[in-house]
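Values below: every heavy atom of this structure, side chains too, minus hydrogens, waters and symmetry copies. Throughout, numbering of the chain's residues begins at 1 and tracks the sequence. For ligands, and for the atoms within them, numbers begin at 1 and follow the listed sequence.
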Amino acid sequence: VRSEGGGNIISLTKADHKALSTKALIEKRLLIALDEKNLKVLYQPQLNLATGKITGVEAFVRWEDEEIGIVTPDVLIPIAEETGLINDIGTFMLEQACLQAATWHKKGLNLKVSINSSVREFRDKNMVLQIRKVLEKTNCPANLLQIEITEKFALEAEAETSIIQQMKQLEADGIVFVLDDFGTGYASFRYMQLLPLAEIKIDQTFISTLEYQKKVQKLIQGIIQFGKTINMRVLAEGVETAGQQELLAGFGCDAVQGYHISHPVTPREIEKLLK
Ligand code: C2E
Ligand code: CA
Ligand code: CA
Ligand code: CA
């Protein structure tokens, strides 16, 4: 288990931000950071339980600003969504993820790289073209790119045919869509039927009580069975203990991700973990 490096973390809480009304400051600094490509990306491995191999990673944005310190995604992403800068973060993450997947591919490592997408990015009618261009420019095989969407995204996309169309075009290219934070929001069979989703990620809130609550165990067994029935892979996120991983393996869960395997780390550390 690796930590995300030492150092002092100046972490601003949501309340701090309100009190200081630093939203405008964050927006201003974020524009500069995007311009100077000062954002960083860390990758968290995903472990296939059947093979015991790391088959993919999820990319997370990391930002430490020289003026305001570390801004964590739970603060950064909502502000970026409000201001529209999420599209620029999305573009940056897409490029970085594809570059990284292509670099590993060249080394003979076929790791799928997942990025997180906001619905706002898919309201851009050029999204499909943009993704195709980045894949081409970086020499990244389309089937190594995965896009994680939340239930909130799915619910909104359900009513917007242009988003569904874009997702289907990308799916035809080989890109895999993943339903993130499953079970926390508005799970709807309608969007599960409408959207081209290949994988479900069981939210970490369920995993945290898994070892102690029989009811949660039954629930997760049910979700895994449900996934199998409709031909979707099921990954559990937020796996922090060996006990949780064992239970999930016993339930036939396809893959796990979480601190028990590794924190989000640099590409070089991912390569070390593969050995
Ligand atoms: P998420 O996509 O559900 O990501 C999982 C979060 O849990 C990440 O936090 C990850 O670092 C953390 N995590 C991983 N393993 C464990 C574990 O075993 N235990 C616990 N307690 N936590 C674990 P992070 O990186 O702070 O991101 C928070 C959220 O911000 C993400 O939730 C995602 O919705 C969003 N986010 C992060 N990076 C991006 C990005 O590049 N673009 C977009 N649109 N959203 C992002
Ligand atoms: Ca995610
Ligand atoms: Ca998640
Ligand atoms: Ca989450």
Heavy-atom nearest neighbour of atom 3 (O) of ligand 1 within options Thr241, Ile207, Val256, Asp181: Asp181
Does the ring center of Trp104 lie less than 6.0 Å from the ring center of Tyr43? yes
Looking only at side-chain N and O atoms, does Glu81 offer a donor or acceptor that is under 3.5 Å from a partner on Ser118? yes
Do any nitrogen or oxygen atoms of Ser117 lie less than 3.5 angstrom from nitrogen or oxygen atoms of ligand 1? no
Is there a donor in the side chain of Gln146 and an acceptor in the side chain of Ser114, or the other way round, less than 3.5 Å apart? yes
What do you reckon, are the aromatic ring centroids of Phe189 and Phe226 less than 6.0 Å apart? yes
Non-hydrogen atom of Ile77 closer than 4.0 Å to ligand 1: yes
Option with minimal heavy-atom separation from atom 16 (C) of ligand 1, where the choices are Phe92, Tyr259, Phe153, Trp63: Tyr259
Does His260 have a heavy atom less than 4.0 Å from any atom of ligand 1? no
Any side-chain donor near an acceptor of the partner, Ser162 and Gln165, under 3.5 Å: no
Could you tell me, atom by atom, which parts of ligand 1 come under 4.0 Å of a heavy atom of Val239? 18 (O)
To the nearest 10°, what's the angle at the Ca ion (ligand 2) between atoms OE2 (Glu58) and OD1 (Asn116)? 90°
Quick check on contacts: which atoms of ligand 1 are under 4.0 angstrom from a heavy atom of Gly238? 17 (C), 18 (O)
At the Ca ion (ligand 3): angle between Asp181 atom OD1 and Glu237 atom OE1, to 10 degrees: 150°
Would you name the heavy atoms of Leu197 and Met232 that are closest together and state the gap between them? CB-CE, 3.6 Å
Between Gln46 and Gln257, do the side chains contain an N or O donor and an N or O acceptor separated by less than 3.5 Å? yes
Applying a strict 4.0 Å limit to heavy atoms, is Glu58 in contact with ligand 1? yes
Near the Ca ion (ligand 2), is there an N/O/S atom from Glu148 that is less than 3.0 Å away? yes
Where the closest heavy atom to atom 41 (O) of ligand 1 is concerned, which of Glu121, Glu240, Met93, Gln96 has it? Met93
Any idea which N/O/S atom from Asp180 gets closest to the Ca ion (ligand 2)? OD2
Would you mind checking if Asp181 and Lys201 are paired as a salt bridge, meaning a charged N to carboxylate O distance below 4.0 Å? no
Can you check which of Gly90, Pro264, Pro73, Ala236 brings a heavy atom nearest to atom 27 (O) of ligand 1? Pro73
Under 4.0 Å between a side-chain nitrogen and a carboxylate oxygen: does that hold for Glu95 and Lys37? yes
Ligand 1-proximal atoms of Gln204, by part, heavy-atom distance under 4.0 Å: side chain
Short list, please: which atoms of ligand 1 are under 4.0 Å from a heavy atom of Val61? 38 (N), 39 (C), 40 (C), 41 (O)
Heavy-atom contacts under 4.0 Å between His263 and ligand 1: side chain, backbone, both, or neither? neither
Heavy atoms only: give me the nearest Cys140-Cys98 pair and the separation to one decimal. CB-O, 3.6 Å
Could you tell me which atoms of ligand 1, counted from 1 in the order shown, lie closer than 4.0 angstrom to a heavy atom of Gln44? 14 (C), 15 (N)
Assess the side chains of Lys40 and Gln96: does a donor N or O sit below 3.5 Å from an acceptor N or O? no
Closer than 4.0 Å to some heavy atom of Ile86 - which atoms of ligand 1 meet that? 44 (N)
Check each atom of ligand 1 against the heavy atoms of Gly258 and keep those under 4.0 Å away; list them by number with element. 15 (N), 18 (O)
Within a distance under 4.0 Å of any heavy atom of Asp180, pick out the atoms of ligand 1 and give their elements. 1 (P), 2 (O), 3 (O)
Which heavy atom of Arg233 sits nearest a heavy atom of Asp254, and at what distance? CA-OD2, 3.3 Å
Residue portion contacting ligand 1 (non-hydrogen atoms closer than 4.0 Å) for Arg120: neither
Does the side chain of Thr91 pick up a donor-acceptor pair with the side chain of Gln130 at under 3.5 Å? yes
Please determine whether side-chain contact (heavy atoms from CB on, under 4.5 Å) holds for the pair Gln217 and Phe251, giving the CA-CA distance in whole Å, both sets of side-chain angles, and the decisive distance to 0.1 Å. CA-CA 9 Å; Gln217 291 177 15; Phe251 297 162; 3.9 Å; yes
Report, in ascending order of atom number, the atoms of ligand 1 lying under 4.0 Å from any heavy atom of Ser118. 44 (N)
